[in-house]
S.K.: 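A single structure is presented below for examination.
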Amino acid sequence: MTKHPNAEQTNPARAEQASSSHRHPSPAHDFPRLASKAFVEAWPSAFLAAERAADRDPYGYAALSNVIDRSLHASVAHLTGGLSPASMAGAYWDWAAHLATAPGKQMQLAEKAMRKSWRFANYASRCALQPNAAPCIEPLPQDKRFAGEAWRRWPFALLYQGFLLNQQWWHNATTGIGGVTKQHENVVEFASRQLLDMFSPSNFLLTNPEALQRTFETGGVNLVYGLQNFLEDLERRAGGKRPVGAEAFVPGQNVAITPGKVIYRNRLIELIQYAAATETVRPEPVLITPAWIMKYYILDLSPHNSLVRFLTEQGFTVFMISWRNPSAEDRDLDMEAYRRLGVMAALDVISRLMPDRKIHAAGYCLGGTLLAIAAAAMARDNDERLKSLTLLAAQTDFTEAGELTLFVNESQLDFLEDLMWEHGFLDSKEMAGAFQLLRSNDLVWSYALKSYLMGEREPMTDMMAWNADATRMPYKMHSEYLRRLFLNNDLAEGRLRANGGAVALNDIGAPIFAVGTERDHVAPWRSVYKIHLLVDAQITFLLTSGGHNVGIVSAPEKKRGEYRFTSRVDGEHYADPAEWVKIAAVREGSWWPEWSAWLAARSGPPVAPPLMAEALCDAPGTYVLQS
């Protein structure tokens, strides 16, 4: 049978119809095939979109997880005093890992341990034969725990000498290990020193000859008094009360009593204008910006050691910023708000009260740092209201900011921010704890020895009472301060912004009077000295004896202490701190008259005192009384 030819070939019309039918299918007839084709073509993008949606956490879930983490960190922070366990663990892991892979360092430490053991054994044998044998190791100059004669007698001499040798060995063990980051080394050395200090023989009755002697002399009454002191302190801390005796120093009654009026108030500051104490005054007023970490009256304590009173008696019109003690509602106040509502608002009020008068601006500690930021922004914007700038123990470069940097790294700041996030502020107790750690021998163990073992209460002073009158720190401002200044050093490196523009300290043209203090744990004087590297203006630098507070509150009536100072002139080459100490002039007594003379030399001839502005209330105002 002959094969029939293809239909398309034998019937062109039918072929054309079939072809047309294939090219233009009927929607109803071919819907399943078209739907499956569209699905296959769209499937990859639809799958990716669904995958992205699955990977994207719902907002509520993400917010919940964030709250859980931050709440946990805040709870832990209450137990650790704000210290991050992860930060401490990271530091110790860095140290331990590098020490474990350093056999040479291990051999050196073993050799040091043997030599110290031999020194101790030799000293012990000499002690048995010579009651006043020369010690084999001397404490550091600032360590006064073993200065008493009773510590020279056996067996207490052995106890404290062994402790010092052990302390020295641990210093060698925690420092000088290759590969460990500098901050981790400092953290481990600091933490090890704190742990050792807890077990100092001076802290326990049976190993402290002075406490034992006191107990024998009083028949144990000192221990009864010590227990009473301990329970009283415990009750006061639990109730949020100030230390015993602090109630005797009340702002407006016996401290902060220099006559003055509050002439301006906003949500952040009260501005105090002090009454003139002389018949004529210098035409340029003085504005003081204190630190907001503590109450302003550190600069207006009792009449005999008030810097404000001293300045008014020298013929200056003085204005003072009194910061509000922030609460949870102020959590979003940032550094720019402190500049705008603090320094700039005060300057505007003074300029309205005393138009066409330039202003001597002074800032203490954090207030000095904020004032430097404001002055640089003013210079950039051609605001020439500042006659001079005085920075009292104020840092502008934070690369060598002392032992406070032990608490500043990403882990620690993240942990601290969670603590502040919970309440909207950093409570004064956490701040006080950090500062007590920096000087634990002076502020913790020596206090415990005197109050609890000796049973004696140290008399309360105006400065001690002020030190217990701490303030809170707003969440956003303190976070910015620690991150942008301490951690990133944005001010010194030109990344900080104020009033919409970048801040450069080199723009400051007003003469600068900078003060550092020799034993400063908060603003080390070598860090304060770095202002020489950041500003081309004329700088007078003064280094005074004392610490961060005692060095600044240096009334002439005390007739003690000394200071060094120099003035940098145009074209003079930079001298590093070690060189500067050698060339600076040394003078005895208070530095306050030196500063007063410096201000007077940059002021006009005396004029009649300005009128007092309309007062809102008498000084010290209301913000300083907030608890």
Side-chain angles (χ1 to χ4, degrees), residues 59 62-87 240 266-269 289-296 321-345 365-367 369-370 373-374 395 398 401 404-435 437 469-491 495-498 522 623-624 626-627:
Y59 175 79
L64 177 62
S65 63
N66 184 56
V67 169
I68 291 173
D69 290 346
R70 304 193 83 168
S71 298
L72 174 63
H73 293 166
S75 299
V76 174
H78 288 301
L79 300 176
T80 63
L83 294 177
S84 167
S87 177
N266 62 28
R267 66 171 295 193
L268 192 57
I269 71 164
T289 304
W292 52 88
I293 193 174
M294 302 295 274
K295 302 291 180 68
Y296 84 88
I321 290 176
S322 174
W323 299 100
R324 181 172 180 262
N325 196 1
S327 59
E329 65 185 18
D330 302 308
R331 63 183 299 128
D332 292 324
L333 285 173
D334 56 10
M335 286 187 61
E336 177 64 9
Y338 269 71
R339 185 196 67 86
R340 180 172 49 84
L341 297 176
V343 176
M344 300 312 298
C365 189
L366 302 184
T369 303
L370 182 68
I373 295 170
Q395 299 175 96
F398 290 79
L404 276 178
T405 57
L406 296 172
F407 307 106
V408 180
N409 55 48
E410 286 290 350
S411 174
Q412 180 60 52
L413 290 189
D414 187 71
F415 196 72
L416 189 62
E417 285 171 345
D418 289 344
L419 176 61
M420 294 189 292
W421 164 84
E422 182 183 40
H423 299 297
F425 53 79
L426 182 65
D427 192 72
S428 59
K429 291 183 291 186
E430 278 81 18
M431 292 297 300
F435 287 117
L437 277 177
D469 194 9
T471 60
R472 296 175 289 271
M473 306 284 272
Y475 165 50
K476 189 170 185 179
M477 183 283 303
H478 199 51
S479 176
E480 285 186 350
Y481 170 72
L482 292 176
R483 283 193 176 276
R484 301 181 68 179
L485 298 182
F486 266 93
L487 187 62
N488 299 327
N489 203 28
D490 285 348
L491 175 59
R495 292 186 295 271
L496 195 71
R497 300 181 68 82
V522 179
Y623 283 177
V624 74
Q626 294 174 332
S627 59

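Small disclaimer: the values here were computed from a predicted structure and weren't measured. Keep in mind that the numbers below use all heavy atoms, side chains included, and drop hydrogens, waters and symmetry copies.
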S.K.: Rounded to the nearest 0.5 Å, how far apart are CG of Leu496 and CD1 of Ile373?
M.R.: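 These two atoms lie 5.0 Å from each other.
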S.K.: What pair of heavy atoms forms the shortest contact from Asn409 to Ser87, and how long is it?
M.R.: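 The answer is ND2-OG, 3.0 Å.
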S.K.: Could you tell me which non-hydrogen atom of Ser84 sits nearest to which non-hydrogen atom of Gln412, and how far apart they are?
M.R.: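 Residues Ser84 and Gln412, closest heavy atoms: N-OE1, 2.9 Å.
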S.K.: Return the set of residues passing side-chain contact (heavy atoms from CB on, under 4.5 Å) with Arg340 (not counting sequence neighbours), or none when no residue passes.
M.R.: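 For Arg340, the residues satisfying side-chain contact (heavy atoms from CB on, under 4.5 Å) (neighbours in sequence not counted) are Ala337.
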S.K.: Just verifying a value: how many Å separate Asn325 CG and Thr471 OG1, rounded to the nearest 0.5 Å?
M.R.: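 Result: 5.5 Å between the selected atoms.
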S.K.: Would you say the side chain of Leu482 lies within less than 4.5 Å of the side chain of Leu487, judging by non-hydrogen atoms?
M.R.: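 A side-chain contact under 4.5 Å is absent here.
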S.K.: Any donor-acceptor pair under 3.5 Å linking the side chain of Trp323 with the backbone of Ile293?
M.R.: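 Absent.
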S.K.: Do the side chain of Thr369 and the main chain of Gln395 share a donor and acceptor less than 3.5 angstrom apart?
M.R.: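 Present.
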S.K.: Do Trp292 and Leu370 come close enough that some side-chain heavy atom pair is under 4.5 Å?
M.R.: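 Heavy-atom side-chain distance check passes, below 4.5 Å.
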S.K.: Does the distance from a Lys or Arg side-chain N to an Asp or Glu carboxylate O, for Arg472 and Asp330, drop under 4.0 Å?
M.R.: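 No, no charged N to carboxylate O under 4.0 Å.
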S.K.: Met335 and Glu480: which non-hydrogen atoms are nearest, and at how many Å?
M.R.: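 Minimum heavy-atom contact is N-OE1, 3.1 Å.
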S.K.: Give me the atom names and distance for the closest heavy-atom approach of Lys295 to Val624.
M.R.: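 Closest approach of Lys295 to Val624: NZ-O, 2.9 Å.
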S.K.: Might you point out which heavy atoms bring Arg483 and Asp414 nearest each other, and give the distance in Å?
M.R.: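 The answer is NH2-N, 3.9 Å.
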S.K.: Does Tyr296 reach the side chain of Tyr623, with side-chain heavy atoms less than 4.5 Å apart?
M.R.: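 SC-SC contact between Tyr296 and Tyr623 ruled out.
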S.K.: Of all residues at least two apart in sequence or in a different chain, which pass the ring-ring contact (aromatic ring centres under 6.0 Å, His included) check with Phe486?
M.R.: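 In terms of ring-ring contact (aromatic ring centres under 6.0 Å, His included), with neighbours along the sequence ignored, Phe486 is linked to Phe398, Tyr481.
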S.K.: Side-chain contact test, heavy atoms from C-beta onward, threshold under 4.5 Å: evaluate it for Pro474 versus Lys476 and give yes or no.
M.R.: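 Result no, sub-4.5 Å side-chain heavy-atom pair not found.
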S.K.: Checking Arg495 now: which residues fulfil side-chain hydrogen bond (donor to acceptor under 3.5 Å, both in side chains) with it, not counting sequence neighbours?
M.R.: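 Arg495 satisfies side-chain hydrogen bond (donor to acceptor under 3.5 Å, both in side chains) with Asp490, Glu493 only.
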S.K.: Give, for atom CG of Leu366 and atom CE of Met477, the distance between the pair rounded to the nearest 0.5 Å.
M.R.: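 Result: 7.5 Å between the selected atoms.
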S.K.: Please find the pair of heavy atoms, one from Ala498 and one from Glu336, that lie closest to each other, and give the distance.
M.R.: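 Ala498 and Glu336 have their closest heavy atoms at CA-OE1, 3.6 Å.
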S.K.: Under a 4.5 Å cut-off applied to non-hydrogen side-chain atoms, are Asn266 and Arg324 in contact?
M.R.: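 Asn266 vs Arg324: side chains apart.
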